[in-house]
Amino acid sequence: MAIIIVIAIIIFVLFYNKTIDGKKFIADNEKFFQILREEDYDFLVYSKYGDDVDVDELFKKRVQNAFLIGILFFMLFLSNLSLINIVLTFVIMFLVFKQPYTSLKSFYKKHLHEIDLLLPYYLKGLEILIQHYTVPVAIGKSIDDAPDIFKPGLRKLVERVNSGDSSVDPYMEFSNTYPVRDSMRMMRLLYRLGLGSQERKQERLMMFSRSVSNLQNKAREVKYKERLGHMESQTMTMLVITGVAVMGIILISMMGMFNI
């Protein structure tokens with residue numbers, strides 16, 4: 001036990017004096033750690049924290065915390081080091097690394113319909129701007145009023161288009177970053193809306209408008225059904241509690257009568 005305490009103090013001093021720089025180690029090996037980064041991690045972070053958060057910094061903290069826990073458990077097992085304990089240490093590190101991602105997933109599932117409703121809400125406002133501007137210009141002008149969750153992706157989309165990328169790729173990258181309801185289909189429609197003559201633009205704008213309205217109605221319908229199901233569940237719970245309470249009162253009354 002004394003050896004473990006001494007090692008812990010030495011490691012703490014090395015980290016404190018930055019002889020061992022954990023942040024530098026993570027930064028130097030960032031490309032390897034990025035392999036562990038989940039595809040939907042950025043989207044989940046933005047869905048919970050909005051536009052102001054530094055996603056890369058949060059990811060680095062995940063890696064750093066996992067390593068610190070790994071060092072701690074390695075020291076605890078040092079007096080009885082075995083293959084099982086080493087494997088257990090790595091399992092614990094992995095669980096610590098995954099816990100923030102699991103928490104973000106849980107938040108997204110809990111607020112799924114509210115987050116899904118943000119895209120048609122944004123597209124409805126964008127539709128008005130597209131009537132007066134080209135699609136890339138309209139997207140650029142819409143960013144300030146867009147939901148915080150979409151702002152980083154919209155900025156990146158506009159930057160790629162302005163740099164000369166006239167393909168569908170910037171729009172598909174946005175839909176992959178934000179996999180909300182029908183995002184891929186709506187981004188394809190938005191890309192096609194920017195192609196062709198003014199006459200074709202009006203025709204495609206009408207199609208785009210109908211798709212946005214349908215998307216809004218679908219989201220509201222799902223939300224209504226979920227609310228109705230929740231109310232039915234509460235009603236059933238109240239009926240069961242009331243039934244049990246009535247049965248309990250009847251049983252107590254009958255026992256009182258028998259005692260008389």
Side-chain angles (χ1 to χ4, degrees), residues 38-51 104-105 107-230:
E38 300 83 359
E39 289 184 0
D40 58 349
Y41 179 68
D42 291 16
F43 162 67
L44 293 174
V45 171
Y46 290 134
S47 69
K48 184 173 183 178
Y49 299 110
D51 179 41
L104 290 170
K105 270 281 191 184
F107 176 87
Y108 173 64
K109 289 178 180 178
K110 188 176 180 181
H111 299 83
L112 178 64
H113 303 310
E114 290 86 345
I115 294 170
D116 280 348
L117 192 59
L118 291 175
L119 182 63
Y121 160 79
Y122 163 71
L123 292 175
K124 201 66 179 176
L126 181 62
E127 176 191 333
I128 299 171
L129 289 171
I130 292 173
Q131 295 175 10
H132 306 285
Y133 304 99
T134 62
V135 172
V137 173
I139 293 174
K141 288 182 175 295
S142 72
I143 293 176
D144 289 340
D145 296 323
D148 288 342
I149 180 176
F150 297 135
K151 286 181 179 179
L154 292 172
R155 291 192 187 101
K156 192 171 183 181
L157 190 158
V158 171
E159 285 173 5
R160 287 193 60 181
V161 172
N162 289 340
S163 66
D165 191 343
S166 59
S167 69
V168 72
D169 293 343
Y171 298 86
M172 290 299 96
E173 183 180 353
F174 179 89
S175 65
N176 290 327
T177 304
Y178 303 97
V180 294
R181 188 192 311 278
D182 288 344
S183 62
M184 188 166 289
R185 182 173 67 87
M186 298 307 298
M187 286 299 109
R188 284 200 182 100
L189 285 175
L190 195 59
Y191 169 72
R192 289 171 189 160
L193 190 56
L195 303 176
S197 62
Q198 188 66 23
E199 292 77 14
R200 292 287 293 168
K201 178 180 177 180
Q202 290 302 319
E203 181 183 334
R204 286 171 176 161
L205 184 58
M206 289 179 63
M207 184 186 301
F208 181 76
S209 178
R210 284 196 298 269
S211 297
V212 173
S213 297
N214 290 336
L215 197 59
Q216 283 183 315
N217 292 335
K218 189 189 299 183
R220 291 192 188 106
E221 184 180 343
V222 172
K223 194 170 184 178
Y224 172 75
K225 286 180 179 179
E226 185 184 59
R227 187 177 299 171
L228 186 62
H230 180 66

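Quick caveat: nothing in here was measured; it's all calculated off a predicted structure. The first residue in the sequence is number 1, and the count goes up from there.
With sequence neighbours excluded, no residue forms a side-chain hydrogen bond (donor to acceptor under 3.5 Å, both in side chains) with Ser211. By the side-chain hydrogen bond (donor to acceptor under 3.5 Å, both in side chains) test, Asp145 pairs with no residue at all, sequence neighbours left out. Considering only residues two or more places apart in sequence or on other chains, Lys156 meets the side-chain hydrogen bond (donor to acceptor under 3.5 Å, both in side chains) condition with Glu173. With sequence neighbours excluded, no residue forms a ring pair (Phe, Tyr, Trp, His ring centres under 6.0 Å) with Tyr49. With sequence neighbours excluded, the residues forming a ring pair (Phe, Tyr, Trp, His ring centres under 6.0 Å) with Phe150 are Phe174, Tyr178, listed by chain and number. Every residue was checked against the salt bridge (charged side-chain N to carboxylate O under 4.0 Å, His left out) condition with Asp169, not counting sequence neighbours, and none meets it. Contacts of Lys48 classified as salt bridge (charged side-chain N to carboxylate O under 4.0 Å, His left out), with partners at least two apart in sequence or in another chain: none. In this structure Thr134 satisfies the side-chain hydrogen bond (donor to acceptor under 3.5 Å, both in side chains) test with no other residue, sequence neighbours excluded. For Arg155, the salt bridge (charged side-chain N to carboxylate O under 4.0 Å, His left out) partners at least two apart in sequence or on another chain are Asp51. For Asp40, the salt bridge (charged side-chain N to carboxylate O under 4.0 Å, His left out) partners are Lys105, not counting sequence neighbours. Under the rule for a ring pair (Phe, Tyr, Trp, His ring centres under 6.0 Å), the partners of Tyr108 that lie at least two apart in sequence or sit in another chain are Phe43.
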Inset, instruction - Could you give me the CA-CA distance, side-chain angles and deciding distance for Ile139 and Val135, then say whether side-chain contact (heavy atoms from CB on, under 4.5 Å) is met? - result: CA-CA 6 Å; Ile139 293 174; Val135 172; 3.8 Å; yes
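At least one side-chain heavy atom of Leu190 sits less than 4.5 Å from a side-chain heavy atom of Leu126. Within the 4.5 Å cutoff, the side chain of Leu154 has heavy atoms near those of the Tyr122 side chain. For the pair Val180 and Leu118, the minimum side-chain heavy-atom distance is 4.5 Å or more. Within the 4.5 Å cutoff, side-chain heavy atoms of Arg210 are placed close to those of Met207.
Ser167 and Asp165 get closest at one heavy-atom pair: OG-OD1, 2.6 Å. Of all heavy-atom pairs between Ala138 and Leu129, the closest is O-CD1, 3.6 Å. Of all non-hydrogen atoms in Leu104 and Tyr41, the two that sit nearest each other are CD1-CE1, 3.7 Å. Looking at every heavy atom in both residues, Ser175 comes nearest to Ser183 through O-OG, 3.5 Å. Heavy atoms only, all atoms of each residue included: Pro136 and Val158 are closest at O-CG2, 4.3 Å.
Atom CE of Met184 is separated from atom CG of Asn176 by 4.5 Å, given to the nearest 0.5 angstrom. To the nearest 0.5 Å, the span separating CG on Leu157 from CE on Met172 amounts to 9.5 Å. Atoms CE and CG, from Met187 and Leu193 in turn, are 11.0 Å apart once rounded to the nearest 0.5 Å.
Within 6.0 Å of atom OH in Tyr121, 12 or fewer heavy atoms from other residues, nucleotides or ligands are found, so the atom counts as exposed in its surroundings.
The main-chain N or O of Met206 is never found under 3.5 Å from a side-chain atom of Ser209 such that the two would form a donor-acceptor pair.
A side-chain contact (heavy atoms from CB on, under 4.5 Å) with Tyr46 is found for one member of Ile149, Thr177, Asp148 and no other, namely Ile149.
Within the structure, every pair that satisfies the salt bridge (charged side-chain N to carboxylate O under 4.0 Å, His left out) test and touches residues 122-133, not counting sequence neighbours, is listed here: Lys124-Glu127.
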